Each structure stands twice: as structure tokens, then as C-alpha cells.
Protein chains: 2
Amino acid sequence: MHHLFSQIENYHPLSAAAKEALQDCFKKITLSKNESLLNEGQVCKQLYFLEKGAIRGFYNLDGKEITHWFGFENDFVTSFHSFITGDPAVENIQLLEGCVLWSISKEQLTQLLDQFHEIERLVRIVYEKYYIRLEERFVNAQFKTAKELYENLLEQTPHILERVPLGAVASYLGISQETLSRIRSQF
Amino acid sequence: MHHLFSQIENYHPLSAAAKEALQDCFKKITLSKNESLLNEGQVCKQLYFLEKGAIRGFYNLDGKEITHWFGFENDFVTSFHSFITGDPAVENIQLLEGCVLWSISKEQLTQLLDQFHEIERLVRIVYEKYYIRLEERFVNAQFKTAKELYENLLEQTPHILERVPLGAVASYLGISQETLSRIRSQF
DNA sequence: TATAATTTTTGACCAATGTCAAAAAACGAA
DNA sequence: TTCGTTTTTTGACATTGGTCAAAAATTATA
């Protein structure tokens with residue numbers, strides 16, 4: 001559990017009391033490749049911290065699987081839309097590798113948010129960070145060419161290309177697998 | 001100031017004490033069309049609540065002005081990236097109409113976040129809502145055709161088309177003005 | 001290993017959308 | 001109203017990237 005807390009405290013330091021409370025809530029989960037954390041249509045009631053491994057969120061569009069996001073070491077993972085709103089998820093969450101995760105339920109988190117201002121702050125700060133991340137992806141998606149998107153990925157998150165099948169990467173970038181393959185062959 | 005608080009309390013109800021503290025911080029601003037709230041390169045130190053009017057955030061890309069977002073009545077408006085990180089903004093914020101705004105500085109907000117758990121919660125909830133909004137725009141940007149994007153806009157936010165020049169709408173959708181014009185003529 | 005299943009690459013073709021330039025329309029100020 | 005500016009539309013053309021199908025390469029399994 002050390003690792004979990006050292007990562008959490010990168011966002012915001014916590015008192016002993018808050019850490020204890022969190023400790024009581026987070027449950028360790030170990031799952032193997034290809035298992036699912038969530039299927040579309042289900043309400044996502046868990047927030048996960050990914051200690052080790054790789055995960056993807058994907059949804060179906062015209063019969064194709066579109067990768068919405070990847071999660072790697074030290075990412076918080078959930079279907080944010082479903083977790084926040086309580087609506088059924090449009091996305092599936094599936095393991096790309098065997099993973100070690102820490103899980104907390106929305107109910108538990110809600111209680112902690114009531115009890116601890118500092119946890120409320122932690123969550124607020126996490127949202128800030130994730131908002132900014134998403135904004136960057138959005139701007140890229142709107143105006144970069146397929147080649148630029150690939151170059152970006154190579155520079156900023158090369159581990160994605162090393163750990164994830166190409167088809168999943170292509171839809172993550174918003175391009176076809178064939179186009180991604182052709183771009184790659186130019187390098 | 002009634003209006004401001006009734007909108008804020010749509011996100012999260014506040015105690016009298018928290019409201020008073022907020023009241024002391026929010027300053028009313030009235031500006032006219034085409035004035036700027038922020039120029040690229042400046043650090044955005046203010047968060048605005050837009051009571052009346054219309055605003056856009058835009059940045060420059062290859063000599064073109066790209067509309068990043070629109071703000072209308074009851075939106076919170078800032079350069080989120082710059083406001084959160086303290087980095088110089090890449091975007092400009094400009095009034096599309098005369099506006100009535102309420103302004104609070106980052107410093108003031110930071111103090112309130114320290115003093116009031118409930119304001120921390122308010123902000124956390126605002127981020128949740130804005131995160132989800134952005135996620136929807138992102139998914140659209142990645143996989144919808146120009147025509148679908150226009151139809152979406154017509155259905156979900158028709159006021160944008162009524163209040164904003166077409167060029168600004170086109171870059172907001174991530175398509176060229178000419179394409180938007182052609183699509184429009186089909187309706 | 002050998003075989004099957006999956007993933008990636010390649011080729012041919014096509015549709016959607018961008019670009020540039022000019023005309024038309026709408027808007028604003030004198 | 002009229003003139004000048006800005007915005008929107010239209011036309012011709014180029015280009016990016018998508019689609020479908022098949023081959024090649026890689027990976028998994030018996």
C-alpha cells in the first residue's frame with residue numbers, strides 16, 4: 001500500500017487520519033489479461049488505482065471497437081461519465097495485461113469526501129489534472145493530421161506503442177489501423 | 001448577485017457563511033463587445049461567471065483563429081489550463097457580445113478553498129460537470145463527420161448558431177468555414 | 001514443431017473535406 | 001442611403017485518410 005499512498009500524495013499530502021480512512025476502503029485486486037472491469041450498460045461504481053499493468057476503455061461505434069483511453073501504472077481508472085453521473089456506461093474496461101489494482105467504491109468515496117476536506121481537495125486536484133490532459137487530447141484530435149498524431153504519441157507516450165496492439169492504438173488516435181500502419185512504415 | 005448564487009447553488013448548496021465569503025470576493029464587471037478578458041501569453045488569474053452575454057476562447061494555429069470554446073449565460077469562464085497550472089495561456093478570451101460578468105481571482109479562490117470544505121466541494125463538482133462536457137466534445141471531434149457535427153450543434157446548442165459568426169463556429173467544430181457553409185445550405 | 005488464429009501490412013480505389021480564389025450578401029459607419 | 005468592411009457562399013481542384021480485400025507476418029495452441 002506504500003506505493004498507492006506515495007502516488008496519491010503526489011497530488012496532495014494527507015493527514016494520518018485521512019490515510020487510515022482511505023486504507024480501510026481501498027481493496028487490492030489482481031486480475032489477468034483480457035479480464036473485464038466493466039461492461040457497457042453497467043453502472044460503474046468503482047474507482048481504481050492502477051499499480052501495475054495496462055488497461056483500456058473502449059466503446060462500440062458502427063461495429064468497431066474504439067479505444068477511448070489507456071490506463072497505465074499510477075493512473076486512476078474508471079468510466080468517469082458513469083461513475084460521476086450514475087448512468088450506465090457506454091464503455092467497456094478491459095485489461096491489456098495482468099494488473100494489480102486498488103479499488104474503492106463510489107459509496108465509500110462519497111463518505112470520505114464528507115468526512116475529510118483534504119480528500120475532497122485531493123479529488124478536486126485529480127480532476128484538474130485529468131481535465132487538462134483531456135483538453136490536450138481534444139485539441140490534438142481536432143486539428144492534427146494522422147502523422148502528427150503518431151509523432152506526438154512517439155514523443156509523449158511511446159510506452160503506448162510498445163505495450164498495446166496497433167488496432168487499439170489507431171482508434172485511440174482516431175485514425176484507421178491501415179493509416180497508422182502506413183505512417184509507421186515511413187519511420 | 002441573486003442570480004449568481006442561485007446558479008452556484010444548482011451545483012451545490014452553500015451555508016450563509018460561505019455565501020458571504022464568496023460575496024466579498026466576486027466583483028461585477030460589465031464589458032462591451034470585442035473587448036478581451038485575456039490575451040495569449042498572459043497568465044489567467046481570474047475565474048469568471050458569465051451572467052449575461054457571449055464569449056469565446058480562441059487560439060492561433062497556422063495563422064488561423066481556432067475557437068476553443070464558447071461561453072454563454074451561467075457558464076464559468078477562464079483559460080482552465082492557465083488558471084490551474086499558472087502557465088501563460090495559449091488562448092485569448094474575447095467578448096462576442098456585451099457581457100455582465102462576476103470575477104474572482106485565483107488567490108481569493110484559493111483562500112476560500114482553504115476555509116470552506118463546501119466551496120472545495122462546489123469546485124470539485126463543477127470540474128466533474130466540465131470534465132464530462134469536454135469528454136462529449138472529444139468523442140464527437142474524433143469520429144463524427146462534418147455533417148453530424150452540425151446536426152449535433154443544431155439539436156443540442158442551437159443558440160451557438162444564432163449568436164456567433166459562422167467562422168468562429170466552424171473552427172469550434174473543427175471544420176473549415178467553407179464546409180460548414182455548404183452543409184448549412186443543405187438544410 | 002505444425003497449425004490455427006490473430007495482427008499487421010500492402011494495394012487499389014473512393015469519398016469527405018481542405019485550400020485558394022472570387023463573387024455575393026450582410027453589416028456598420030458616415 | 002451609400003460606401004466600405006466584414007462575413008458568407010460558391011466553384012474548381014487537391015489531398016488526406018477511409019474502406020475493402022488479400023497477403024504477409026506474428027503469436028498462440030495443440
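Bear in mind that the values here come from a model prediction, so they are computed numbers and not experimental data.
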- [ ] Identify, residue by residue, the members of residues 55-70 of chain B with a heavy atom below 4.0 Å from DNA chain C, and return them in order of residue number, or none.
- [x] B/K64

Open item on the list: Could you tell me if B/E120 and A/H117 have a donor-acceptor pair between their side chains, going purely by distance under 3.5 Å?
Closed with: yes

- [ ] Would you give the length of the straight line joining atom CG of B/L31 to atom CD1 of B/I29, rounded to the nearest 0.5 angstrom?
- [x] 6.0 Å

- [ ] Compute whether any side-chain donor of one residue and acceptor of the other, for A/S103 and A/Q46, lie under 3.5 angstrom apart.
- [x] yes

Task: Interface with DNA chain C, restricted to residues 154-168 of chain A and to heavy atoms under 4.0 Å - done: A/P165, A/L166, A/G167

Task: For atom CD of A/E178 and atom C1' of C/dT7, their distance in whole Å - done: 12 Å

Open item on the list: Looking at B/E162, I want to see if its CD is surrounded by more than 12 non-hydrogen atoms of other residues, nucleotides or ligands under 6.0 Å.
Closed with: yes

Open item on the list: For the residue pair B/S6 / B/E9, report whether a side-chain donor-acceptor contact shorter than 3.5 Å exists.
Closed with: no

Open item on the list: If we count only N and O atoms by modelled type, under 3.5 Å, do the side chains of B/Q94 and B/S36 hold a donor and an acceptor together?
Closed with: no

TODO: Applying ring pair (Phe, Tyr, Trp, His ring centres under 6.0 Å) between A/F80 and each of B/F138, B/Y131, B/Y130, B/Y127, report the one that passes.
DONE: B/Y131

Open item on the list: Parallel, tilted or perpendicular, judged at 30° and 60°: which one describes the rings of B/Y172 and B/F70?
Closed with: tilted

Task: Geometric cation-pi criterion A/K45 and A/F83, 6.0 Å radius, 45° cone - done: no

Open item on the list: Taking the minimum atom-to-atom distance to the side chain of A/R184, which one of D/dT9, C/dT8, C/dT10 wins?
Closed with: C/dT8

For nucleotides 15-17 of chain C, which of its nitrogen or oxygen atoms have a protein nitrogen or oxygen under 3.5 Å away, and what is each distance?
from, atom 1, to, atom 2, distance (Å)
C/dT17, OP1, B/A146, N, 2.7

TODO: Could you tell me the separation between the CD atom of B/Q177 and the P atom of D/dT9, rounded to a whole number of Å?
DONE: 8 Å

Open item on the list: Output the rounded distance in Å from OH (A/Y150) to P (D/dG17).
Closed with: 15 Å

Task: Any side-chain heavy-atom pair of B/Y11 and B/R124 under 4.5 Å - done: no

Task: Side-chain donor/acceptor of A/R182 to base of D/dG18, under 3.5 Å - done: no

Task: Donor-acceptor under 3.5 Å (B/T85 side chain, B/D87 main chain) - done: yes

- [ ] Round to a whole Å and report the spacing from CG of A/L180 to C1' of D/dT16.
- [x] 15 Å

